[in-house]
Amino acid sequence: MASHAHSSHDHGHGHAHGEAHPLVGHLVPYSTLFATGAALLVLTVITVAARYVDLGEANIYLAIGIAVVKATLVSLFFMHLRWDRPFNLMVLVGSMLFVVLMMVFCMMDVGQYMDTENKGNPKAVQNYLDANAPFAPVTSKK
Amino acid sequence: MSHSASHADSHGHGSHGHGDHAKYPFLAHHFDTPNQQFESGKLGMWVFLATEVLFFGALFVMYAILRFKDPQVFSYAANYLDTILGGINTCVLILSSLTMAIGVRAAQTNKKGLLSLCLALTLAGAIGFLVIKYFEYTHKFHLNLKWGQAFYQPVTEADAAAAKVEAKPVENPVLAISSPNPSAGASTVSLASPPPADKTAIAAPKMGPDGVATTEMVEAVDKPVHAAHPEGPHLLDPDMPANTHRFFAIYYIMTGLHGIHVVIGVGVIGWLLVGSLRGRYSSDYYTPVDLVGLYWHVVDLVWIFLFPLFYLIH
């Protein structure tokens, strides 16, 4: 790994002649910044358009996928992670992994208890039926 | 003071050290080099941002559980959100993120005027976001699209009258007998509870012989529920699924917490702008600009996920 004190001067690209050098950190070219912004706006239009296309279950995965791509663009280019020390990236990715872990275990738990919760809870059954089978006669049936 | 010790075990740059402190007035005494100071501040910011990810992450888990339990509520209630305003707000945040990133570059290249301009534009984006959000919130509050029991309060007198008529137990011998005062039925129906579970209120049950569903019924059940009248009073919408108020609870919690972050962003970007106008930042020292920039990009990141999850539910 390059020595930190000199790392900013090791990257020659990104600044025109005569432009001041930052003492620390990495200089991102204007072209990269504008391209990232444009890509984010285009992806926003795509994700709005995708809302009106019926893909069934895939709709939400497509929406989340586009959001992940956008988040990656922001963090790599706007937040300089592409050129940063890898440890900063590890902090971000690590926190996201823990969120995913929490999500997975919570969803497994909710999935496991969904049936018993409804079985032992006539009101929940009624709510469930109201929502999914509005004409199902349960409580008012003689 | 372990200046020499930390100096020896850091990177072994013998040439840096005491000289840097004389050369760089902003360099704190406990750092050896400007770069060490910059990278330390940045790591601290990233650790803070990790806690922000976990903070919002817990709410995303809550969102997932609510949506998993009542998927029809989300596909129904999302129609009450304004996709156009949400989309404009997304673009506003993305553009303000872009101006912030350009501002960091301006600071790095010592362009003080450009830095002030970029910070002013970023600030304008943040305030613009809040203004649009204000209009969205007030519109929903006006229609009683709120969390909890408030969601089930009638908005107008006509609503209240219609709700009373709808909830009135008609020709239900079981209810009439169990109720101590049958004529009080209408007035005792609590509007604060979810829509009536009284199945007899539904006109003609379209069903075959006892317990057997007709084909028509099965098709009706399989059809996804969508809001038919997002402009009308939701209480009178017969298609409204149970627990619809939960959507608005999680909507206000998540967008509200995000909004609080935007308000804080307005504060810190305003502080940067004042510092920039006073010429505080240069290509040598721009750490605050860089770190507030990171914060502002995370605010953008959170909205990038909130937007499709609330406004773009198919």
Side-chain angles (χ1 to χ4, degrees), chain A residues 3-5 7-8 15 19-25 27-28 30 33-34 36-37 40-41 44 47-48 50-51 54-55 59-60 63-64 66-67 70-71 74-75 78-79 85 87-88 91-92 94-96 98-99 102-103 106-107 110-111 114 126-127 130-135 137-140, chain B residues 11 13 16 33-36 38-39 42-43 46-47 49-50 53-54 57-58 60-61 64-65 68-70 72 83 87 90-91 94-95 97-98 101-102 105 108-110 172 197-200 202 205-207 217 220-221 241-243 283-284 286 290 294 297 300-301 304-305 308-309 312 314:
Chain A
S3 81
H4 300 143
S7 60
S8 60
H15 35 83
E19 216 166 36
H21 284 240
L23 181 66
V24 293
L27 200 55
V28 183
Y30 283 121
L33 295 178
F34 282 112
T36 307
L40 289 172
L41 291 177
T44 303
T47 191
V48 171
R51 176 229 182 283
D54 190 0
L55 300 173
N59 268 105
I60 180 160
I64 291 175
I66 293 175
K70 288 168 78 178
V74 170
S75 49
F78 282 175
M79 302 176 87
R85 293 201 296 186
F87 193 74
N88 293 343
V91 172
L92 177 66
S95 67
M96 285 177 167
F98 276 101
V99 170
M102 177 159 71
M103 178 80 79
C106 285
M107 296 311 281
V110 172
M114 189 103 134
Q126 185 60 55
N127 282 342
D130 285 348
N132 294 286
F135 303 115
V138 174
T139 52
S140 64
Chain B
H11 315 296
H13 296 325
H16 297 278
T33 64
N35 193 61
Q36 188 194 15
F38 176 70
E39 293 292 347
K42 208 158 160 174
L43 177 59
W46 273 109
V47 171
L49 296 181
V53 170
L54 297 173
F60 279 111
V61 171
I65 290 172
F68 180 60
K69 286 193 165 199
D70 291 307
Q72 70 289 341
T83 309
T90 309
C91 295
I94 287 173
L95 288 175
S97 240
L98 176 63
I102 295 171
R105 194 194 146 93
Q108 287 175 322
T109 51
N110 239 346
N172 187 335
D198 179 13
K199 296 283 92 180
T200 55
I202 291 175
K206 293 176 204 143
M207 49 179 297
M217 263 178 74
V221 167
N243 297 329
S283 58
D284 279 358
Y286 63 94
D290 201 71
L294 290 179
H297 296 313
D300 186 27
L301 277 188
I304 281 175
F305 283 96
L309 288 180
L312 302 180
H314 183 77

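Here is the naming used below: chain letters follow the sequence lines, and residue numbers restart at 1 for every chain.
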Close side-chain approach of B:L309 and A:I64, heavy atoms under 4.5 Å: yes
Salt bridge (Lys or Arg N to Asp or Glu O under 4.0 Å) involving B:D284 - partner list, sequence neighbours excluded: none
Gap between atom CE of A:M79 and atom CG of B:D300 - 0.5 Å precision: 9.5 Å
Atom of A:L33, atom of B:L98 and distance for their closest heavy-atom approach: O-CD1, 3.2 Å
Engaged part of A:I60 at the chain B interface, taking heavy atoms whose separation is under 4.5 Å: side chain
Heavy-atom contact with chain B under 4.5 Å, split by part of A:F87: side chain
Taking every non-hydrogen atom, the tightest pair across B:G57 and A:V99: CA-CG1, 3.7 Å
Closest contact, heavy atoms only, A:M103 versus B:F60: CE-O, 3.7 Å
Shortest non-hydrogen contact between B:Q108 and A:V28, atoms and distance: OE1-N, 4.4 Å
Region of A:N88 in contact with chain B, defined by heavy-atom distances below 4.5 Å: both
Spacing of CG belonging to A:L41 relative to CG belonging to B:L95, to within rounding of 0.5 Å: 5.0 Å
Shortest non-hydrogen contact between A:T44 and B:C91, atoms and distance: CG2-SG, 4.4 Å
